[in-house]
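All chains are named by letter (A, B, ...) in the order of the sequence lines, taking the proteins before the strands, and each is independently numbered beginning at 1.
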There are 2 protein chains.
Amino acid sequence: MKINPNDATTDLSAQIAKAIRDAIVSGHLIMDERLPSESELSDQFEVSRSTVREALKRLAAQSLIRTQRGAFGGAFINRISYEEAYGQQITTSTLLLSMNTVSFDVACEARFAMERACATFAAQRRTADHLATMRTEIQRQAQPGLSDESWCASDIAFHRALVDAAQNPIMSYQLAGAVEAMQPLMNMITFTARNRETIIRLHSKIADHLDNKEAEKVEETLVNLSDYTKTLAYDVIAAKQKHKEG
Amino acid sequence: MKINPNDATTDLSAQIAKAIRDAIVSGHLIMDERLPSESELSDQFEVSRSTVREALKRLAAQSLIRTQRGAFGGAFINRISYEEAYGQQITTSTLLLSMNTVSFDVACEARFAMERACATFAAQRRTADHLATMRTEIQRQAQPGLSDESWCASDIAFHRALVDAAQNPIMSYQLAGAVEAMQPLMNMITFTARNRETIIRLHSKIADHLDNKEAEKVEETLVNLSDYTKTLAYDVIAAKQKHKEG
DNA sequence: AATTTTCATTTGTCATACATTTAAAAGTCT
DNA sequence: AGACTTTTAAATGTATGACAAATGAAAATT
């Protein structure tokens, strides 16, 4: 692990963070291993402790290390958990969308495309449990007087069950990003009784097809749902645009 | 933006980072806006400048802010670029895989499933440019005496072109994570002439089908390629496992 | 043997000082 | 007046030293 103190283009703390990060990612530092103490690191890199600390905080923000105080504490290489991976993914995706780097259409397209990809595996691997969750959510969605907020939550839960049925954690966590990123805009949509009816019908179809292990029909229905979602969002986006101009 | 100085369970710098992060993600702070200077923040939060700095470094590690030195410098809300999103995604995915939180099979499955999802759009939207890139890489792959390293690089370039042809940046950056994460293991595979021949044939098929806008046939070929890749990786993984035990 | 106390180590926080960068503002020259 | 140079103020980056707080091991005590 070497840094170049003469490279004025980059902060020292960023360079040090990079050096340690590379060592971790490349496998030179293994899980649960302890890094040298902050004082030792500052000796090794020949920088002050503050600089080392800033580097370590950068790594902590990426869940690469965890720190513990006390005599036998220190910074330990972290085994990143799904929850943390989710968190990172969601933060990044939300930013990409909220800053209008990508449009709602693109996010929506990506989301349903990935859900369709899940459908293939979900049809093979879905358990009774997954189906039960989906049916429960459909019933909840059919309740009259359900708030838009609760409706959205239930919608997410439904799709989450669909994705989980594929039993591929990578796809689960990738999708979480796209779904969460869409959420702010989805929350702005007012779902009328008629809207909900249509969506519930599509949800029921999906559950049925999944029950029958008919992957292609699930995909087909997801395309319909995707199109319908885009239609609903269209009005909201148009109103938002008008508001900006006016 | 408030913090609780009495919450001994969390570091102050983490609390401050969270407060600012929430303000950014929720949209209370808009793009390119400047945060108060470190001194002002340390006054506001009633902590030292070092603590504020550690908080800011955490945010910088997540590409939420960028800092600039000088008179009218400071910390600015960052418009996260695709490159940065890629970076984040790749770091996270690589870690998940390298720490055996997920298996190669799962990553491979996710990767090709997402590529298949791209195929639908790629068939509709591919340009002559995308096809040209793919054909160029196929030619490169056919060169005798190509190193395993160069082979892998070309393989990535080929698939990158396929994904880019879908023209959905979200899917591009999500896939980048899965592909890059698989790379270390792919690099361990020694590709024999016979292996390469098989893969090149599949690549050619994909390019041809894409040329003819036959999405389903592209998908079909991708499934074959996925299966073949898993077969090749199987031996390497078995050897690695044996090495661990021995 | 069990419990309590001490102690060394390490991270977390604070305060201060100085270096470096940067762009605006002031000054200077043509 | 306009173009160039110098100054300056403000901000981040780095260094140093001090102390607080946590923590587990070792020593002391009961």
Side-chain angles (χ1 to χ4, degrees), chain A residues 1-21 24 29 32-78, chain B residues 1-21 24 29 32-78:
Chain A
M1 289 196 298
K2 288 280 165 60
I3 58 168
N4 176 10
N6 301 321
D7 180 3
T9 59
T10 319
D11 297 345
L12 283 176
S13 70
Q15 285 183 53
I16 291 170
K18 183 179 185 323
I20 300 177
R21 178 164 39 239
I24 295 174
L29 295 171
D32 290 335
E33 191 173 338
R34 213 202 78 169
L35 291 181
S37 73
E38 294 175 353
S39 310
E40 285 172 309
L41 284 173
S42 69
D43 284 349
Q44 279 184 32
F45 287 111
E46 294 180 318
V47 298
S48 73
R49 208 186 128 206
S50 342
T51 306
V52 167
R53 278 184 64 78
E54 286 176 11
L56 292 180
K57 292 313 147 202
R58 295 178 120 106
L59 298 176
Q62 295 182 305
S63 304
L64 284 167
I65 60 169
R66 63 177 184 280
T67 55
Q68 203 172 13
R69 302 222 281 201
F72 287 68
F76 298 86
I77 311 295
N78 207 9
Chain B
M1 289 195 294
K2 288 279 165 62
I3 59 168
N4 176 9
N6 302 320
D7 180 2
T9 58
T10 318
D11 298 346
L12 284 175
S13 70
Q15 286 183 53
I16 292 170
K18 184 177 184 325
I20 301 176
R21 177 163 40 240
I24 295 174
L29 296 171
D32 290 335
E33 191 172 337
R34 212 202 78 169
L35 290 181
S37 74
E38 295 175 353
S39 310
E40 287 173 309
L41 285 172
S42 69
D43 285 348
Q44 280 184 31
F45 287 112
E46 294 180 318
V47 297
S48 73
R49 208 187 129 207
S50 334
T51 305
V52 168
R53 278 183 64 78
E54 287 176 11
L56 292 180
K57 292 312 149 202
R58 293 178 122 106
L59 299 176
Q62 296 183 303
S63 304
L64 284 167
I65 59 170
R66 62 177 185 281
T67 55
Q68 205 172 12
R69 303 224 282 200
F72 287 66
F76 298 86
I77 312 295
N78 206 9

J.: Considering all heavy atoms of both residues, which atom of B/Ser42 and which atom of B/Ser39 are nearest to each other, and what is their separation?
T.: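 So the minimum-distance heavy-atom pair works out to OG-O, 2.7 Å.
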J.: Scan residues 52-60 of chain A against DNA chain D and write down, sorted by residue number, each residue with any heavy atom closer than 4.0 Å; if none is found, say none.
T.: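 Contacts with DNA chain D under 4.0 Å: none.
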J.: Would you mind reading off the distance between B/Leu12 atom CG and C/dT11 atom P, rounded to a whole angstrom?
T.: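 In whole Å, C/dT11 P lies 17 Å from B/Leu12 CG.
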J.: Restricting to non-hydrogen atoms, name the atom on A/Asp32 and the atom on A/Phe76 that form the minimum distance, rounded to 0.1 Å.
T.: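 Closest approach of A/Asp32 to A/Phe76: O-CD2, 3.5 Å.
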J.: About how many Å separate CG of A/Leu29 and CG of A/Leu35, when rounded to the nearest 0.5 Å?
T.: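 Spacing of CG (A/Leu35) from CG (A/Leu29) equals 6.0 Å.
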J.: Nearest 0.5 Å, please: how far is CG in A/Leu64 from CD1 in A/Ile77?
T.: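 Output value for this atom pair is 8.0 Å.
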J.: What integer distance in Å separates A/Glu38:CD from D/dG17:C1'?
T.: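 Distance, rounded to whole Å: 15 Å.
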J.: Atom CG of B/Asp43 and atom C1' of C/dA15: how far apart are they, to the nearest Å?
T.: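 Rounding to the nearest Å, CG of B/Asp43 and C1' of C/dA15 are 13 Å apart.
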J.: Between A/Ile65 and A/Ala75, which heavy-atom pair has the shortest distance, and what is it?
T.: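 That would be CD1-CB, 4.1 Å.
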J.: Between OG1 of A/Thr51 and CZ of B/Arg53, what distance do you get to the nearest 0.5 Å?
T.: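 Separation between the atoms: 8.0 Å.
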J.: If you take all heavy atoms of A/Gln15 and A/Thr10, which pair is closest and at what distance?
T.: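 Closest approach of A/Gln15 to A/Thr10: NE2-O, 3.3 Å.
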J.: What is the distance, to the nearest angstrom, from the CG atom on A/Asp11 to the C1' atom on D/dA11?
T.: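 Result: 13 Å.
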J.: For the pair made of CD in A/Gln15 and C1' in D/dG13, what is the distance, rounded to whole Å?
T.: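 My rounded result for the distance is 12 Å.
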J.: Where do B/Arg34 and B/Gly74 come nearest, in terms of heavy atoms and distance?
T.: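 So the minimum-distance heavy-atom pair works out to CD-CA, 4.4 Å.
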J.: Separation of A/Phe76 atom CZ from C/dT11 atom P, in whole Å?
T.: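 Rounded to the whole Å, the gap is 9 Å.
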J.: Identify the heavy atoms of B/Ala55 and B/Ser13 that sit nearest to each other, and give their distance.
T.: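 What the structure gives for the nearest pair is CB-O, 3.3 Å.
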J.: Atom pairs under 3.5 Å, N or O on each side, protein against nucleotides 5-7 of chain C: can you list them with distances?
T.:
none

J.: Round to the nearest Å and state the distance from B/Glu46 atom CD to C/dC14 atom P.
T.: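 It works out to 10 Å between those atoms.
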J.: Measuring to OP1 and OP2 of D/dA11, would you say a side-chain N or O of B/Thr67 lies under 4.0 angstrom away?
T.: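 The answer is no; no side-chain N or O of B/Thr67 sits under 4.0 Å from OP1 or OP2.
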J.: Phosphate oxygens OP1/OP2 of D/dA15: is one of them under 4.0 Å from a side-chain N or O of A/Thr51?
T.: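 Yes, A/Thr51 has a side-chain N/O under 4.0 Å of OP1/OP2 on D/dA15.
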J.: Enter the distance from B/Thr67:OG1 to B/Asn78:CG here, rounded to the nearest 0.5 Å.
T.: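 Result: 9.5 Å between the selected atoms.
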J.: Starting at CD1 of B/Ile24, measure out to CD of B/Gln62 and round the result to the nearest 0.5 Å.
T.: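 That separation rounds to 9.5 Å.
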J.: List, with names and distances, any nitrogen or oxygen atoms from the protein found under 3.5 Å away from nitrogen or oxygen atoms belonging to nucleotides 8-10 of chain D.
T.:
residue : atom : partner : partner atom : Å
D/dA10  : N3   : B/Ala71 : N            : 3.4

J.: Rounded to whole angstroms, how far apart are CG on A/Leu35 and C1' on C/dT11?
T.: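 Whole-Å distance recorded here is 13 Å.
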J.: Identify, between B/Ser39 and A/Arg69, the residue whose nearest nucleotide on DNA chain D lies closer to the 5' end.
T.: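 Nearer the 5' end of the strand: B/Ser39.
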J.: Working to the nearest 0.5 angstrom, can you tell me the gap between A/Gln44 CD and A/Ile16 CD1?
T.: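 If I round to the nearest 0.5 Å, the distance is 10.5 Å.
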J.: Got a donor-acceptor pair under 3.5 Å from the side chain of A/Arg49 to the base of D/dG17?
T.: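 For A/Arg49, whose side chain was compared with the base of D/dG17, there is no donor-acceptor pair (under 3.5 Å).
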J.: May I ask you to say what B/Ser50 touches in the nucleic acid, namely base, sugar-phosphate or nothing, with a heavy-atom cut-off under 4.0 Å?
T.: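 The residue B/Ser50 makes base contact.
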